[in-house]
Undergrad: 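Please find one structure pasted underneath; my questions will follow.
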Number of protein chains: 8
Amino acid sequence: MDEKTLRQMLRDVRAGRLAESAAIDRLRNLPFEDLGFAKVDHHRSLRQGFAEVVFGRGKTPLQVAGIVRTMLARRNGRHNILVTRADKAMYAAVKRLAPAAKFHPLSRAILVERDPALRGKGTILVVSAGTSDIPVAEEALVAARALGNRAEAIYDVGVAGLHRLLRHREQISAARVIICVAGMEGALPSVVAGLVSAPVIAVPTSVGYGASFGGVAALLAMLNSCASNVSVVNIDNGFGAACVASCINRI
Amino acid sequence: MDEKTLRQMLRDVRAGRLAESAAIDRLRNLPFEDLGFAKVDHHRSLRQGFAEVVFGRGKTPLQVAGIVRTMLARRNGRHNILVTRADKAMYAAVKRLAPAAKFHPLSRAILVERDPALRGKGTILVVSAGTSDIPVAEEALVAARALGNRAEAIYDVGVAGLHRLLRHREQISAARVIICVAGMEGALPSVVAGLVSAPVIAVPTSVGYGASFGGVAALLAMLNSCASNVSVVNIDNGFGAACVASCINRI
Amino acid sequence: MDEKTLRQMLRDVRAGRLAESAAIDRLRNLPFEDLGFAKVDHHRSLRQGFAEVVFGRGKTPLQVAGIVRTMLARRNGRHNILVTRADKAMYAAVKRLAPAAKFHPLSRAILVERDPALRGKGTILVVSAGTSDIPVAEEALVAARALGNRAEAIYDVGVAGLHRLLRHREQISAARVIICVAGMEGALPSVVAGLVSAPVIAVPTSVGYGASFGGVAALLAMLNSCASNVSVVNIDNGFGAACVASCINRI
Amino acid sequence: MDEKTLRQMLRDVRAGRLAESAAIDRLRNLPFEDLGFAKVDHHRSLRQGFAEVVFGRGKTPLQVAGIVRTMLARRNGRHNILVTRADKAMYAAVKRLAPAAKFHPLSRAILVERDPALRGKGTILVVSAGTSDIPVAEEALVAARALGNRAEAIYDVGVAGLHRLLRHREQISAARVIICVAGMEGALPSVVAGLVSAPVIAVPTSVGYGASFGGVAALLAMLNSCASNVSVVNIDNGFGAACVASCINRI
Amino acid sequence: MDEKTLRQMLRDVRAGRLAESAAIDRLRNLPFEDLGFAKVDHHRSLRQGFAEVVFGRGKTPLQVAGIVRTMLARRNGRHNILVTRADKAMYAAVKRLAPAAKFHPLSRAILVERDPALRGKGTILVVSAGTSDIPVAEEALVAARALGNRAEAIYDVGVAGLHRLLRHREQISAARVIICVAGMEGALPSVVAGLVSAPVIAVPTSVGYGASFGGVAALLAMLNSCASNVSVVNIDNGFGAACVASCINRI
Amino acid sequence: MDEKTLRQMLRDVRAGRLAESAAIDRLRNLPFEDLGFAKVDHHRSLRQGFAEVVFGRGKTPLQVAGIVRTMLARRNGRHNILVTRADKAMYAAVKRLAPAAKFHPLSRAILVERDPALRGKGTILVVSAGTSDIPVAEEALVAARALGNRAEAIYDVGVAGLHRLLRHREQISAARVIICVAGMEGALPSVVAGLVSAPVIAVPTSVGYGASFGGVAALLAMLNSCASNVSVVNIDNGFGAACVASCINRI
Amino acid sequence: MDEKTLRQMLRDVRAGRLAESAAIDRLRNLPFEDLGFAKVDHHRSLRQGFAEVVFGRGKTPLQVAGIVRTMLARRNGRHNILVTRADKAMYAAVKRLAPAAKFHPLSRAILVERDPALRGKGTILVVSAGTSDIPVAEEALVAARALGNRAEAIYDVGVAGLHRLLRHREQISAARVIICVAGMEGALPSVVAGLVSAPVIAVPTSVGYGASFGGVAALLAMLNSCASNVSVVNIDNGFGAACVASCINRI
Amino acid sequence: MDEKTLRQMLRDVRAGRLAESAAIDRLRNLPFEDLGFAKVDHHRSLRQGFAEVVFGRGKTPLQVAGIVRTMLARRNGRHNILVTRADKAMYAAVKRLAPAAKFHPLSRAILVERDPALRGKGTILVVSAGTSDIPVAEEALVAARALGNRAEAIYDVGVAGLHRLLRHREQISAARVIICVAGMEGALPSVVAGLVSAPVIAVPTSVGYGASFGGVAALLAMLNSCASNVSVVNIDNGFGAACVASCINRI
């Protein structure tokens, strides 16, 4: 029931075409979304309003292509389309539908850019510790851009080689939001957060072995950060970090 | 070595009073902070620039009073002073030094307000699930205000009674940043984040028993939130959530 | 020793053909099941009386077919036959024996319906959060039907999009028992249970990554549910939930 | 906004006293509960409609008495009042307000019986393994009665002495719902569930030491029960088990 | 240095051919085993004295055959040779060397019986809960026999169907040592141990899913057994249980 | 129904005073224990036949004394009475009833020796690693004696000082069963078991700090022992180890 | 059997006073320590040769004093005496015996310096992150000195304020061994180890709350350090770190 | 900015070519490494100065060869090149570039020895418990040699067969640093450390099954070692242990 229907119902009441009790019954059972709840569906709008997102893992290339085709066919705006955790076969399938599609092999993300407008107000900076953290960092980078942000990245600046990190001090200070990606001991967010006053979104990665327990060591380290401007998302969740950073950057 | 000393050194070089190599030696070993690194010490400035914070737990009233006395004596600005995890004895000791001190028994925080200026741009809203989550929520609320933010709170809106939460929909939508505090199953942040596009800082509490494992159940739930605008801080860390929210609210 | 033998023994005692002490000796060592213990074997009756169940995982198609053949040959009633965690090869093998067999690809269950009678008194409703929870939810659905219940399902009603869930409020309220399937943060059972007074069986799924720890996050959330009408079964145990729901629905 | 107000609003629309757009605005922001959502507040009704419950732990006798006084003063029906995790001081305070209050020292529950009506249809049977499980079992027993059920208990029937359990076979078979309380290895629910076709609610207790990990051993055992009619609630959650059992017993 | 050398050394001392201090030096550094320590090497004797054992997992058929060839060539007695965690390829390779070799497909053990003598004094009984526990139970059975014991097995007597277990009461009572194998909730050892006064060796298996955590649920249950004659070995360690049982049975 | 009643029933059948079907009905529901099941109650006999045991923790001195009074009054034999985890107040209370009672302060056990007969065939040796493991070791020692065994102890022979352990090699070799108690890294059972062919019961203790996790480190080490004659009981369970050792020693 | 006895035995063999076989028997059972194994008892020498150590926790002042009295009375050298985890009452008791005793309140260690000689070759530097890590750091510092090392400390140089750490770069570079103490996210050892080529002994502390899990977060971070010169000791084990550092510093 | 640039800048100041404030600005933002911080980059020097290391896992043979080619081309010294966790395909690729390359199949390491100089002062001894620990032990051995140390190994000396270990007592005592590798119960480092005064680096391996939890059992045992000269590195981290041992051996 959209506003038009609601308006018609009130007119029917006024015109006596609809009994009072029937109107009350219909109102009582009014589906929630009929009350203009579209804005409640923020989740959809966040992801689909500015970028439509497909989580590729566990889907077949055919399934991914099917979803993308539907997205391309939607009338309400030309949004960017992002496929995360994709592979080459998915890319081939998507490319056939959308020749502009680009594959980012490091992050295994497919991006069909259709809306180049910048919606975030500043720069989102992605910083990562080791070379093996790059896939997660790249996922954050590509997603941040897909969501309408200016985004940059600094890689391979682990805390055991401070000078490499400190060399980028100015770029780090200039960011509006920082996404900090690290596996192993997960110390980077604490060090980076100590250099800036911007919010730092920490992303633990499952990189490491033995007692890293698939990223738990890094996750715990980040939750216990002695820096006060750090909050944390799930292990390997580069996309999630980009969503949080993007919603901060739009403020 | 402050800027003045540096300037003098350069003048000495120019005037030939200081040999080139001696100058290079001194520069090479220049203590880092001498290069105007005060801004690197963001951590201190974040906490102490706008509010000076004492972590009360494990300290004696005497120790707390001593630290507060030093803070009161500082010349560089009149900042708010916040003592977290305090008790009545600490309050008595602080009250003697700063008659304006107020004790917030729910959060067990002492606040000496000396700088009423608002520095955050919007409202930080603290939402909590059960009555037993209130101490952590209050800590976040008092800290958010101490850090120069407009802050409000909605309590007792657990997910098993949705209508109580939905009644506050407008207030929730109006917030610039939301701090969402929940123990037990930790589901509140997911539901709240689904209603807004603002960033949601989730704080798990150690409230619960049995398989809540001191807040681990809530922590895991929050890290796995299906909402994309949620990031997480440590268990019971109301103060930390306020710091993150505050640094977002100042952007 | 069945009832007939027992009766004969008593007659022998009465007739003096069997000494008192010999009778006592035989009674003392009476195998348990001889005392009409068939009803103790409730477990078998629960599963086999109304539906005969084969747990497919780890078995070869040949083994599955062998077990199904035995079941088909049993004389005591025509029960439904359910093979869980099956695959297409098993289906082919079963189909040859029982042409009525149907394969449910989402749940990977094979159902040979032979007894369409409804034994449960109301409707069992299966509610699930994400699309990836559907296999577990479907297993619950198919099993609930195989066990003689009217069963319906509502999918993709995660808590971060409340309006989608609330749209189904009436169907939810009408169920006699609800099975609630969710991975990730496992919040759905708490929200659903808050809307009804029916018992809610919560099934955590291993869906998620990182700190979901194969369903542990959802399991803990469900055990800590703030709703008072929730009880929990093992991770991914859709079949088990259907058994519990079915035994409630028959009351 | 109750139905009366809604009716008035429609009349105003019909009478032209209220503009269409103003009516739509008011409807759009209609607080949820105004649409007859009282039934959504099932949670309150479940606990408060039939019994009003106070969770005593962490409250002062004064606070408990204050809450009970409010409950006693409510006009909408005379419900039973239950205080769980109480102590003697709380009991003294409640006794002064409600002379009919009784203290159950084993479960540490206070019950003010004001509504002796039976609402459950059959008997809820509480079975427990060791003497140290009795406090949790008693909490379940008292709560089941407070919620309007006929309830019985069998204690000290651990699985290492089967004959003690089997002696009660008939009483066990006669129950409509069974609550099975066990610590240590948590095996009792599996054995009991094998004897009946009724639903069994398993409650792990924190009884045990060393590798019982505060009830985790029993919890895991129950989640992995080989019996198909077992579902589980949180560790030591006797009250929760009674709620689930009660809502099944009312079907 | 064997006894002969030692004797020679003493003779050299006596004959004056070896200086006192040189003798002391040699004695001081005497390798331990030279002192007749063969009996210290109990480990080898336990496994190899009565049965020589090869742990097959992770070895190639060639490697297994090589080890078996060496064992066959040893002169000190004709011991049984047992290869655990083997496969058909290993069996083929061993069969070529020892035509008497037999493969036990359930336990995946190869046994070359060369010494049929019984060394244990009573019967070792292996009891297991579910059909999926059989591989571990069979490993215990074959190993117990290889180590020189009379050994029997009872399978599929889970605690949710007590009558099946109780039917075997006399066989259970007659055993000298019992090995009790169970996955899932691991309750069987508690129930069996309650029926006998013999020592019960409990073996948790990794059978189960979800919150069985690869056998941890069963392991914890067994460590917390309320029966007083239960001790526990590692998850899936059927061979280890047989070793313990065998060393008890030889007393 | 005891044997006498059963006999009478058979006589009634023979005399025609009891109908066949009535007799069958009564037999069908015959309580289990009436069939001479006393021997099933092994658990009670194991503990109470040779020693009656009270678990002191969590009981008041009055409660302990009450239980002991009942035990003293029993007619069926004069068994040893053991109170574990006791304190001085309990001892005073027991001493008043049984002047022969002795308190073992290290193990906090009270022993009332009433039956000095040795029932075990060999010696049970208790070996422990550190001085802080002694309370658990002493509990095992006192319990082993109370259960009718010759028992000895060797303390403070940790694996980091091998010579101290090896000095006792002969005493270790002479034991029929060994109880090996160790906290921290729990290595002692592996080393001791390597020296003997007797069964070794390993008892992890909660001694240690940090990553010993209350005995989990030692427990895991023991479960993973590379020695093949080691089985394990629960953390700090000296009494349980003595029960297992005693039941082996009686074989 | 000391060397003298051994020598005598050889003489007896030579003189024909001892039969060859008798000598062999005695040699065969030679207690290990008789072969000059004093050096095997390295453990004692390490701790007692250079410092005698008492672990105070769980001991009474009387017990501590008794042990110290024995140590003071030993003839073999005048070693330093260290009591860790002590309190003021212990100090008073020790002070009466050894007036030179000093109490270090931060580390709660008592040191009786009797041997001021330096045995380590370089400086052991203790670095710690937060003020609450100081007790553990001080324990390491005092112990390092008691073990005969030159030792220094730098406190409060957490990684979120790098400039504070970098200010001490030269002192850090000059150390021969570094002990790095940190709680919370445990990142300090990685950063410090990146600045030097000396070995770094990392000590996690139990400082922190929530998801620090009593030091587990810091422990895991340190085990996963990306720096290659870091090894780790147990949580809060300042004394252990000093032992390791001291044994490196003596090389 | 290197020293030359700095010198030029000072000259420009002196010559008046550069304004004082401009110079201060440039100094304030001086990149850290420009101050001669090369020595800060210890991490690179440690690994690359003496040996250049490639972590093979997860890389393609092509990628490995590419990195090795760059290393071979470097001008600053001829360092050893080590590829860890390599396979035969990587070896073939490397061999083509560096004919001197050798593959160590046990450790799966490739070593291109180009600098045979010994930099460590003593011998590093690698000791391991079981045959399955050998791959990790070999990685430590090859890495220790690659880093310029004399290194030896003793394998298969588990604690359940002490005589095998004690046979090597002299070789063990002679080592300057010991790397002790063990899976399962992880007891070896405690026993070895008790025999020597050298530092022992303990390496837990993931060898074992069931409750070894991928090396956690061994890790915990090592962290809780009762020997005072043990520190620990991550599970399976043979290379890391070699780095720590090497940096101790160079002192």
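Source: prediction; values computed, not measured. Below, chains carry the letters A, B, ... as their sequence lines are ordered, and counting in each starts from 1.
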Undergrad: State the CG-OG distance between D/Asn234 and B/Ser212, to the nearest 0.5 angstrom.
TA: 7.0 Å

Undergrad: Can you tell me if B/Leu62 has over 12 outside heavy atoms packed within less than 6.0 Å of its CG?
TA: no

Undergrad: What are the two closest heavy atoms between D/Asn237 and B/Tyr209, and how far apart are they?
TA: OD1-OH, 3.0 Å

Undergrad: I need the minimum non-hydrogen distance between D/Leu219 and B/Ala211, along with the two atoms involved.
TA: CD2-CB, 4.0 Å

Undergrad: Using 0.5 Å steps for rounding, measure from the OG atom of B/Ser132 to the CZ atom of D/Arg57.
TA: 9.5 Å

